[in-house]
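First the structure, in the form of structure tokens, and then the observations on it.
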Amino acid sequence: MKHFNKALIGVSIAASIAGISTAIASEEFDKPTISAKTMADALHLVMDSDRTIYTRKIVNRLVKKEKVIKASEHFEDDKALVLPAQMFRFGSELVAKRAEKLPDVNFSYSLQSLWPINKQNAPKTDIEKAGLKFIAENKGKNYYAKETLGGKTYFTAIYADTGVAPVCVSCHNKHKDTPKRDFKLGDVMGGVVIRIPMDG
Amino acid sequence: MLNREKRQRSRLLWIWVLFIIGLIVWLSYSMFEAKDKTIFMPGPLTAGHHQIGLVCSACHKDPLSDGEVFQKACTNCHGDDRKKPFDSHPRTKFTDPRNADTLENINAQQCISCHTEHQPDMTNANGLTQPVDFCVHCHSDIGDDRPSHKGMEFNTCNSSGCHNFHNNRSLYTDFLVKHLNEPDLLSKQLLPEREFSKILEELTDYPVDRYPFKQLSDKDADATENHQLETREFKSWLDTAHAGSGVNCSACHESKQPGAERVTWADKPDHTACARCHNLEVERFKRGKHGMRLAVDLPPMKVIDARQPMKKEAGHKQLDCNSCHSAHRFDVSEAAVESCLGCHDDKHSLAYKESPHYTLWQKEISGDALAGSGVSCASCHMPRINYDVSEWMSRTMVDHNQNANLSPNEKMIRSSCIHCHGLGFTLNALADKKLIDNNFNGKPSVEVESMSLAEEDHKRAQQELLEIQDN
């Protein structure tokens, strides 16, 4: 019985220590350690890498190299692959939907252009207009600013989106709704806009 | 004298107090206990919801419902219809901060911003309670993007064959261009085939262990001795796909209530029995005007409760699965025409039997034409669509929510009309009120501009590409 009591006390102490350590660790995890800019840069790195892989290893490979399937804006009707820009937008819509249920996770992103095929993706706010112009004129540089929309303040980061594969360029140049038909491989074709609220 | 007056006043006061107490008790009872709470209804409901007016909680989930609670109530029933086929104005478009300014005019994040209930004086077609110029708030500069749209009136956006807020992408320009110059009648005129029997083995919720797929004979029938069928009903069952695929009497007539030890026999099984195998069909039925009362646990709707013209003699009929699919026989041909015409009494329904569609239908059911070549009421109003059974699988099924394919009628362009007709003809026909009334007996006298606008835009883009190549 004594042994049992000792064991029970031992287990309780161990459990308490583990509990306290977990609490300390979880508090530590909740401490803000990165800036909004670093977070935006990290998010963009993931987005841009996924986007590049989809464009190169799925769309360009299967459409241009293997020639086994089409990629189409009307992918459902044409039974085709979704375009890289649509893939990006669908991801952004799913994030927006999921983030609504996560009160601590709050950011949004979109793909925009000074030469948009869909006019809804043209820059709209003053910061978007200035940022997209800046990244187009200063290749390799990002644009960071603060802006107020709908009464809330946001940290807004804008990153260049370049034509990484021949399919990006040829498709945009040929599209019936494009306002620009002379893109070349490696050109800045648009920008990724990431917003993180600063009011908490 | 004074005492008498005092007594009279005191009596009046007591009557007043008792009246107030009675009123409070009655209102409290109505609010918390009574089934019928229509006393609190601020105004009549729209045609889309009047059937479920007795169940306030279908929309008002709690007495202090805010916008988000309402939103959930709307999407509980209408959420799927917004996702498919196309939702060009999803909620996420408006949760994006860059579109915060658009919400100042209309809060497009919530259904009730455009579809407010209990407001009959300001409710337009399709339950819309916004002024018809609502597109202008965000798209007033459309003439700059699409020169062909310059000078168009603000109320023309939603005209037949053009735009629709919820599935605006169903008639995109490339789609119209793909269907340019099609004849009124396509060379192949066939509706898609249903797939239920073909994919039965893949349906995980089908009770295949108890009812393996095999042809049953009269000796296999497992109805208890007390429930032997009459000869006519028995024969009907033997001729059906049910007996042909192993669905025995007990599959529909026996059920086990939650917590009960024994199965019980029901002489007249309700929709829950059908849902054991045809769950998707029943769920879709409960989303439409025919079955929506079942979705909120009310008794089935009666024909007399409908707001559309109905046959008086059918007024007493109730709307459940067996109303259209008569028990044991489950004749889908009957369900597709005669069941509808047994109740509906409007111009369009009454003109059906004089229409070319009915002639085709007669040929199909008499075996003189291919399956899928006839056009029944259901061909257009309960079309065979490719529906997502789960996130990973879809099958072609009859959509038993007939409202999902109407209001506005452009919804039936893809699901029904263009299986047989050219798109240009379809757009014109659906915009022609007279032609709809006589059930498409003749040619459209209306011309919708959509096709010519798309052609113009296509030519412009091709010219631009040619100029670039020349340079």
Side-chain angles (χ1 to χ4, degrees), chain A residues 72-78 86 89-100 106-112 116-129 131 147-156 158 173-182 193-199, chain B residues 68 71 75 79 83-104 107 109 138-139 141-147 149 168-179 386 394 414 418 454 456-469 471:
Chain A
S72 166
E73 181 184 351
H74 315 299
F75 54 92
E76 278 168 326
D77 281 339
D78 296 345
Q86 289 174 310
R89 186 159 58 81
F90 295 151
S92 130
E93 282 172 7
L94 188 58
V95 165
K97 210 168 159 188
R98 286 174 160 184
E100 270 198 286
N106 203 348
F107 71 99
S108 64
Y109 64 99
S110 58
L111 186 61
Q112 297 171 33
I117 284 176
N118 180 347
K119 302 298 177 287
Q120 296 289 311
N121 298 326
K124 204 170 152 185
T125 69
D126 290 342
I127 293 295
E128 285 175 355
K129 285 174 192 165
E147 66 180 331
T148 304
L149 299 168
K152 282 187 183 171
T153 312
Y154 295 89
F155 166 72
T156 302
I158 303 182
N173 284 346
K174 281 183 195 162
H175 197 282
K176 67 178 178 55
D177 291 331
T178 187
K180 184 173 161 71
R181 297 190 185 276
D182 57 356
V193 180
I194 301 178
R195 279 196 181 88
I196 300 168
M198 296 177 78
D199 312 330
Chain B
E68 286 305 313
Q71 182 63 18
T75 52
K83 276 183 220 151
K84 289 199 95 180
F86 308 98
D87 187 5
S88 40
H89 292 93
R91 182 179 160 89
T92 48
K93 181 166 268 184
F94 301 99
T95 51
D96 189 339
R98 71 191 300 256
N99 289 326
D101 60 325
T102 59
L103 300 178
E104 284 168 15
N107 183 3
Q109 288 176 317
C138 301
H139 301 284
D141 58 351
I142 190 67
D144 300 336
D145 297 340
R146 306 253 161 199
H149 286 49
N168 194 25
R169 283 173 50 217
S170 70
L171 291 176
Y172 55 88
T173 314
D174 287 346
F175 180 76
L176 299 175
V177 169
K178 198 161 88 180
H179 292 273
N386 188 267
S394 66
R414 280 167 168 264
I418 61 168
E456 203 179 293
D457 191 55
H458 177 60
K459 282 182 181 164
R460 189 258 320 146
Q462 284 201 318
Q463 185 59 36
E464 276 180 29
L465 280 175
L466 279 176
E467 281 166 17
I468 287 170
Q469 280 168 12
N471 291 336

What do the steps show when you test His74(A) against Phe175(B) for ring-ring contact (aromatic ring centres under 6.0 Å, His included), and what is the final call?
-> CA-CA 9 Å; His74(A) 315 299; Phe175(B) 180 76; 8.8 Å; no
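- Dense packing is recorded around CZ of Arg460(B), with more than 12 heavy atoms of other residues, nucleotides or ligands lying under 6.0 Å away.
- A salt bridge links Lys124(A) to Asp101(B): one of the charged nitrogens lies within less than 4.0 Å of a carboxylate oxygen.
- Looking at His139(B), only its side chain comes within 4.5 Å of chain A, counting heavy atoms on both sides.
- Interface with chain B: from residues 90-97 of chain A, residues Glu93(A), Ala96(A), Lys97(A) qualify, criterion being any non-hydrogen pair under 4.5 Å.
- From Lys119(A), atom NZ reaches atom CG of Asp145(B) across 5.5 Å, with rounding to the nearest 0.5 Å.
- When each of Gln112(A), His175(A), Gln120(A) is checked for heavy-atom pairs under 4.5 Å with chain B, Gln112(A) comes out on top.
- Counting only heavy atoms from C-beta outward, the side chains of Lys176(A) and Thr173(B) approach each other to under 4.5 Å.
- Using a 4.5 Å cut-off between heavy atoms, Asn99(B) touches chain A through backbone and side chain atoms alike.
- Of all the listed residues (Asp141(B), Leu103(B), Asp174(B), Asp144(B)), the one sharing the greatest number of non-hydrogen pairs under 4.5 Å with chain A is Asp174(B).
- Taking CD from Gln109(B) and CD from Glu100(A), the interatomic distance works out to 7.0 Å, rounded to the nearest 0.5 Å.
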For side chain to side chain contact (heavy atoms under 4.5 Å, CB included), just list the numbers for Arg98(B) and Val193(A), CA-CA rounded to whole Å, side-chain angles, deciding distance to a tenth of an Å, and then say yes or no.
-> CA-CA 10 Å; Arg98(B) 71 191 300 256; Val193(A) 180; over 6 Å; no
